[in-house]
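Quick notes on the structure that follows.
Below, chain A is the first sequence line, B the second, and so on; all start at residue 1. Atoms considered below: every heavy atom in the structure, side chains included; atoms not considered: hydrogens, waters and symmetry mates.
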Number of protein chains: 2
Amino acid sequence: MPDPRYRRIAEELRQRIDSGEFAHGAQLPTELELRRRYDASRNTVRDAVKWLIGRGLVETRPGQGTFVVDRIEPFHMVIDISGHGLDNFIAEVAALSRTPTVSVPRVEIHQATGVVASELQVPEGSSVVSRFQQRYIDGMAWSLQTTYYPMSLVEQGAVNLIRAVDMPEGVISYLETTLGIKQVGWRERIKVRPPDPAEAVFFRLPDDGRVAVFATMRTPFDESGRPLRLRMTVYPADRNQLVLNVGRVPPDA
Amino acid sequence: MPDPRYRRIAEELRQRIDSGEFAHGAQLPTELELRRRYDASRNTVRDAVKWLIGRGLVETRPGQGTFVVDRIEPFHMVIDISGHGLDNFIAEVAALSRTPTVSVPRVEIHQATGVVASELQVPEGSSVVSRFQQRYIDGMAWSLQTTYYPMSLVEQGAVNLIRAVDMPEGVISYLETTLGIKQVGWRERIKVRPPDPAEAVFFRLPDDGRVAVFATMRTPFDESGRPLRLRMTVYPADRNQLVLNVGRVPPDA
DNA sequence: CCGTATTTGTTCGTATGTATT
DNA sequence: CAATACATACGAACAAATACG
């Protein structure tokens with residue numbers, strides 16, 4: 001009692017893909033050819049192809065055919081936690097020999113709700129500033145980032161937060177020079193989930209949630225344990241790898 | 001008339017699931033009932049259900065029916081990087097108010113290949129010790145961990161590495177007391193990928209690669225920049241969340 | 001630009017097998 | 001054993017997208 005017919009056809013096609021007979025991007029035989037080759041009905045070969053689609057191995061294009069999906073060489077997001085003493089944290093995203101670009105930030109005023117309120121430790125409904133940016137590497141959609149600041153920081157004088165300009169020197173150092181607020185640590189929560197529809201569109205991911213996204217939330221704290229901001233970043237997991245360097249670490253190979 | 005029939009049926013079912021009409025674990029109407037309700041053929045309602053399966057929303061059980069899948073409350077893997085100076089790193093996985101258990105380690109001697117050789121900076125084919133453990137929380141499969149050590153450490157006197165006993169006090173401190181080797185930093189690579197078949201079985205994940213796994217590789221280094229070991233851990237992404245605390249961070253809510 | 005051939009997408013019908021209750 | 005429910009497999013027709021002369 002072997003497996004059902006469509007499964008055996010699918011397995012054989014998978015093997016032919018793995019063996020390199022069909023390279024990335026190459027076209028598979030058409031339904032008619034598969035039908036003849038395996039002497040099966042059209043619905044059965046279609047079930048086999050659907051099984052391969054379900055595993056993310058191939059994709060179909062109406063009027064054209066069935067193609068092996070392309071694989072992507074992942075970026076490395078490097079978070080460096082070195083330094084002498086814990087006063088200065090260098091937290092850097094390095095895109096090795098690639099050129100990153102950033103959209104102009106979209107600045108909005110919101111009422112804090114849910115995670116935003118609880119992470120920033122402000123009451124639900126209080127005002128927060130959000131800064132949203134789309135980030136690209138070599139023109140490819142790379143990450144979506146939204147940062148929330150308590151409005152109290154603006155009221156204390158950090159007015160640049162509500163200006164729609166990029167701050168390449170970093171907001172943390174801006175807060176230190178402007179308000180004398182010093183970051184002494186941060187917490188990062190990293191979780192993996194399917195993309196929401198907007199993320200799927202931006203990253204051009206399949207709409208079935210097969211490709212997951214990293215969703216990272218970073219909250220830096222000052223000396224008194226008060227959260228300074230909440231930065232939420234979403235990266236597609238198919239083209240990103242997190243690298244965390246702690247302490248003295250030799251350069252990467 | 002834009003969307004095909006099976007899509008509209010699927011969307012309506014998805015909405016009824018989201019609205020709570022069908023709770024987690026609840027049974028959906030049978031194919032016959034759906035057929036009558038939507039006045040569609042059996043194949044069409046089956047296509048609708050397959051679409052829902054493809055999104056991981058429901059599962060079918062032959063002879064029983066179609067059911068809404070259960071969601072799982074995630075564990076938090078907490079990595080704490082605090083300490084006074086960077087001499088002692090506390091890297092702890094805290095399972096809050098849950099009881100972790102660990103299988104007896106399976107110890108093997110291998111020839112280093114691929115990532116193992118390159119991360120440990122030993123020649124391909126040289127001997128390495130691997131220690132493999134299955135880890136559970138409250139009896140639920142939680143993670144798979146394999147750690148590789150260069151054989152040179154054993155030859156220098158760290159003979160416990162080739163004994164199949166758990167070392168709860170930690171291998172790093174064992175190496176320090178035995179050989180005087182001190183860890184001064186580490187690199188962690190975190191990536192997300194579909195589970196391989198063995199992982200899917202152990203974690204009881206669907207065999208279609210829909211639920212991703214975290215694959216983490218941690219390499220600690222000594223003062224001379226030499227890698228001490230390579231620890232590869234795999235966690236199912238549907239029940240785990242990474243939390244990274246750096247510097248002075250107030251306790252989690 | 002138009003029409004035709006090719007290729008996949010959707011929908012129906014029907015029959016039979018397998019798993020569970 | 002019988003009833004129920006999903007799984008597999010075949011056939012057929014038409015629709016929609018694409019490629020090409």
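Cation-pi geometry between A:Arg61 and A:Phe67 is met: the NZ or CZ atom falls under 6.0 Å from the ring centre, inside 45° of the normal. Stacking of A:Arg16 on the aromatic ring of A:Phe22 is not recorded, the 6.0 Å distance cut-off and the 45° axial limit not both being met.
Atom CZ of A:Arg46 is separated from atom P of D:dG11 by 15 Å (rounded to the nearest Å). Between the CD atom of B:Gln27 and the P atom of C:dT20 there is a distance of 15 Å, given to the nearest Å. For B:Phe67 and C:dT20, the CZ to C1' distance is 10 Å, given to the nearest whole Å. We find that CG of A:Leu34 is positioned 13 Å from P of D:dC10, with the value rounded to whole Å. Atom NZ in B:Lys50 sits about 8 Å away from atom P in D:dA7, given to the nearest Å. One can place CG of B:Leu52 at 13 Å from P of D:dC6, the figure rounded to the nearest angstrom. In this entry the distance linking CD of B:Glu33 with C1' of D:dC6 reads 14 Å, nearest Å. As rounded to whole Å, 14 Å separates atom C1' of D:dA16 from atom CD of A:Glu31.
Minimum interatomic distance between A:Ala112 and A:Val128 (heavy atoms only, all atoms of both residues): CB-CG1, 3.8 Å. The heavy-atom pair separating A:Phe214 from B:Ile190 by the smallest distance is CZ-O, 4.1 Å.
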Under 3.5 Å, which N/O atoms of the protein pair with N/O atoms of nucleotides 11-15 of chain C?
from   : atom 1 : to      : atom 2 : distance (Å)
C:dT11 : OP1    : B:Arg5  : N      : 2.3
C:dT11 : OP2    : B:Tyr6  : N      : 3.2
C:dC12 : OP1    : B:Arg5  : NH1    : 2.6
C:dC12 : OP2    : B:Ser41 : N      : 3.2
C:dC12 : OP2    : B:Ser41 : OG     : 3.2
C:dC12 : OP2    : B:Thr44 : OG1    : 2.1
C:dC12 : N4     : B:Asn43 : ND2    : 3.4
C:dG13 : N7     : B:Asn43 : ND2    : 3.4
C:dG13 : O6     : B:Asn43 : ND2    : 2.9

Set out, line by line, the N/O atom pairs under 3.5 Å between protein and nucleotides 2-5 of chain C.
none

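Rounded to the nearest 0.5 angstrom, A:Thr44 OG1 and A:Asp39 CG are separated by 10.5 Å.
Considering only side-chain N and O atoms, A:Thr66 lies under 4.0 angstrom from the phosphate OP1 or OP2 of C:dT8. Contact between the side-chain N/O atoms of B:Thr60 and the OP1/OP2 oxygens of D:dA7 is found at a separation under 4.0 Å.
The side chain of B:Thr30 approaches D:dA5 more closely than any other nucleotide in the set C:dG9, D:dA5, D:dA19.
Exactly one residue among A:Arg189, A:Arg187, A:Arg231 makes a side-chain hydrogen bond (donor to acceptor under 3.5 Å, both in side chains) with A:Glu119. That residue is A:Arg189. Each of A:Phe202, A:Phe203, A:Trp142 was scored for a ring pair (Phe, Tyr, Trp, His ring centres under 6.0 Å) with A:Tyr136, with one residue passing: A:Phe202.
Counting non-hydrogen atoms under 4.0 angstrom, A:Gln64 reaches the backbone sugars and phosphates but no base. Heavy atoms of A:Arg61 sit under 4.0 angstrom from primed sugar atoms or phosphate atoms, though from no base atom.
Nearer the 5' end of DNA chain D, as judged by each residue's closest nucleotide, is the contact made by B:Leu28, out of A:Pro62 and B:Leu28.
Using a 4.0 Å cut-off between a side-chain N of Lys or Arg and a carboxylate O of Asp or Glu, A:Arg14 and A:Glu11 qualify as a salt bridge.
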Could you walk me through whether B:Tyr6 and B:Tyr38 pass the ring pair (Phe, Tyr, Trp, His ring centres under 6.0 Å) check? CA-CA 10 Å; B:Tyr6 77 97; B:Tyr38 296 103; over 10 Å; no
